[in-house]
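Data block below; observations after.
Chain naming here is simple, since letters A, B, ... match the order of the sequence lines and numbering starts at 1 in each.
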2 protein chains.
Amino acid sequence: MLDNTDMLILHELSKNSRLTMKELGEKVHLTGPAVSARVAKLEDSGVIEGYTIKVNQVKLGNSIHALINIYTKSAYHVPYLSFIKTSENYIINNYKISGDSCYLLECTFPSNEQLDEFLKGLSHYVNYKLSIVINK
Amino acid sequence: MLDNTDMLILHELSKNSRLTMKELGEKVHLTGPAVSARVAKLEDSGVIEGYTIKVNQVKLGNSIHALINIYTKSAYHVPYLSFIKTSENYIINNYKISGDSCYLLECTFPSNEQLDEFLKGLSHYVNYKLSIVINK
DNA sequence: CTAACTCCTTTCATTAATAAAGTAAAACGT
DNA sequence: ACGTTTTACTTTATTAATGAAAGGAGTTAG
């Protein structure tokens, strides 16, 4: 399915997805058109889901990175799920998980005020346990 | 510092970081060179930290997405940190966090065998609580 | 009022992307 | 074993984007 060259391509594009096909080709020892065809295949097969940027949230003013374990009070999760949709700008990920809690919610906030506001709303729907990311 | 156009640029590049400057310019109502200069500024200021791809880990054969709460036995974290460096291929993120546990470790594995192997090694250095991502 | 600065557009030369054609090797069926 | 098809690549040529340079409009400061 995927050979070593494909893995190299994924590795290089993970490091820099704005490489030109020519540059990428040089890194994996192929010509531009050849590597371009491989990348198109990786896109079509869904291995490459998209191209994106890493944004420094702190420089955007979002200095608080929070991980919130969610414990739904009832088996009915819809109220929680629609609540976090209304706060989409803060949400990075919402993982449904096995184990202790039902979800792990990853968010960023500009300050404790917005975090507090968010938690106030959240507490209407679920119980939670808050962790703050200190590093990495 | 950042105006509305910059935010639009970040939004569009988050959706697709391989847009040409011309295409990006059309989306934010600027010419190619103008938007190119703004993007260069965002890079220089560190707001844009890099360009990357979203890879479908399942299609890569990594069907298990694990979140592991780490409880270090001693205050000395180095053995744990060097252990996860030896298993770098599985690791996505290692967050140092406040709250109950010391770290939240995010990893992917091809199968339970590799996960089991990893946990066996991990248990020499720390206590842990394992969660598996079911969705999103 | 002018000078300096910022932010943009336009133009143009350079460079990359893309489509098309051709080649070589591998896989397939008979 | 043979010809056919497929796959993966290179080369070439056209089209399109990038990037540098020049210039203009609006803003700020002296």
What's in the same ILVMFWY side-chain cluster as [X], cut-off under 4.5 Å, chained through other members?
X     : value
B/V58 : none
A/Y71 : none
A/V78 : A/Y76
B/V39 : A/I53, A/V55, A/L60, B/M1, B/L2, B/M7, B/L8, B/I9, B/L10, B/L13, B/L19, B/M21, B/L24, B/V28, B/L30, B/V35, B/L42, B/V47, B/I48, B/Y51

B/D3: salt bridge (Lys or Arg N to Asp or Glu O under 4.0 Å) partners, not counting sequence neighbours: B/R38

Rounded to whole angstrom units, what separation is found between the [atom1] atom of [X] and the [atom2] atom of [N]?
X     : N      : atom1 : atom2 : result
A/E23 : C/dT15 : CD    : P     : 13 Å
A/E26 : D/dT10 : CD    : P     : 12 Å
A/L42 : D/dA8  : CG    : P     : 11 Å
A/D44 : D/dT7  : CG    : P     : 14 Å

Sequence neighbours excluded, every pair satisfying salt bridge (Lys or Arg N to Asp or Glu O under 4.0 Å) that has a member inside residues 39-52 of chain A: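 Every candidate salt bridge (Lys or Arg N to Asp or Glu O under 4.0 Å) pair involving residues 39-52 of chain A fails, so no pair, neighbours aside, qualifies.
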
Salt bridge (Lys or Arg N to Asp or Glu O under 4.0 Å) partners of residues 118-135 of chain B, not counting sequence neighbours, each pair once: B/E117-B/K120

Ring pair (Phe, Tyr, Trp, His ring centres under 6.0 Å) between A/Y128 and A/Y103, intermediate numbers included: CA-CA 9 Å; A/Y128 63 82; A/Y103 294 93; over 10 Å; no

Terminal axis angle for the helix from C/dC1-D/dG30 to C/dT30-D/dA1, five pairs an end, nearest 10 degrees: 40°

Nucleic acid contacts - residues 8-22 of chain B versus DNA chain D, non-hydrogen atoms under 4.0 Å: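 By residue number: B/T20, B/M21, B/K22.
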
Results of side-chain contact (heavy atoms from CB on, under 4.5 Å) for B/I92 - residues two or more places apart only: B/H65, B/E106, B/T108

Contacts of B/Y90 that satisfy ring pair (Phe, Tyr, Trp, His ring centres under 6.0 Å) - sequence neighbours left out: B/F109

Listed pairs, N/O of protein and of nucleotides 5-11 of chain C, under 3.5 Å:
residue: C/dC7; atom: OP2; partner: B/K41; partner atom: NZ; Å: 2.6
residue: C/dC8; atom: OP1; partner: B/R38; partner atom: NE; Å: 3.2
residue: C/dC8; atom: OP1; partner: B/R38; partner atom: NH2; Å: 2.7
residue: C/dC8; atom: OP2; partner: B/R38; partner atom: NE; Å: 3.2
residue: C/dT9; atom: OP2; partner: B/T31; partner atom: N; Å: 3.0
residue: C/dT9; atom: OP2; partner: B/T31; partner atom: OG1; Å: 2.4

